Amino acid sequence: MDTLFHTQTLLIIAAGAIATYFTRIGGYIFITRMKRIPPRAEAALNAVPAAVLTTLVAPAAVTGGFDVSLTMAIAFLIGLRIALLPMLAAGWIVVMILRPVIG
């Protein structure tokens, strides 16, 4: 490895940043120019948080080991009763306790 940064890597990072920026700003401009949001589009936008959460949680639950899966189940049950931040703290505490015990 002769140089600290490879040109191809920097170009890929820059292209990803530009694509992300234009995707986000394009969606904002598109929505702000609409007089009203159609019901189907509103339903699709309402489904986005659940879809993103599923794509983040599902792989960890399947491949993370028994301690991670158990923690996610406990955090889910806690989340049914309390707010998001305390649920996150409780999940973190549970996984920190289970990792040395379960491995």
Side-chain angles (χ1 to χ4, degrees):
M1 190 159 148
D2 298 326
T3 61
L4 185 59
F5 298 107
H6 293 167
T7 306
Q8 185 178 9
T9 304
L10 291 176
L11 289 174
I12 290 170
I13 291 171
I18 291 168
T20 300
Y21 175 76
F22 281 119
T23 301
R24 297 187 88 178
I25 198 72
Y28 174 77
I29 291 170
F30 179 71
I31 291 293
T32 56
R33 293 183 186 253
M34 298 176 83
K35 299 216 184 309
R36 69 174 191 85
I37 299 174
R40 293 183 80 180
E42 187 173 353
L45 289 172
N46 287 336
V48 169
V52 170
L53 184 63
T54 302
T55 59
L56 293 175
V57 170
V62 173
T63 63
F66 182 69
D67 57 337
V68 175
S69 298
L70 185 60
T71 299
M72 287 186 183
I74 291 170
F76 173 75
L77 294 174
I78 292 171
L80 294 174
R81 293 286 178 200
I82 61 175
L84 179 65
L85 197 55
M87 180 208 59
L88 185 65
W92 179 75
I93 290 168
V94 169
V95 82
M96 289 300 125
I97 292 170
L98 288 178
R99 281 203 172 152
V101 173
I102 295 175

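Side-chain atoms are counted along with the backbone in the values below, which use heavy atoms only and exclude waters and symmetry mates. It should be emphasised that the depicted structure is a prediction, and the values quoted were computed from it without experimental measurement.
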Shared hydrophobic cluster for Ile13 and Tyr21 (ILVMFWY, side-chain gaps under 4.5 Å): no
Met34 versus Pro38, closest heavy-atom pair with distance: CE-CD, 3.3 Å
Distance, nearest 0.5 Å, that separates CZ of Arg99 from CZ of Phe66: 14.0 Å
Please tabulate, for the side chains in residues 71-96, all donor-acceptor contacts under 3.5 angstrom to protein atoms that are two or more places apart in sequence or on a different chain.
from  : atom 1 : to    : atom 2 : distance (Å)
Thr71 : OG1    : Asp67 : O      : 2.7

Same apolar cluster (I L V M F W Y, side chains within < 4.5 Å links), Phe22/Ile29: yes
Closest contact, heavy atoms only, Ala19 versus Thr23: O-OG1, 2.7 Å
OH-OG1 distance between Tyr28 and Thr32, expressed to the nearest 0.5 angstrom: 5.5 Å
Connected via hydrophobic side-chain network under 4.5 Å: Ile18 and Ile12: no
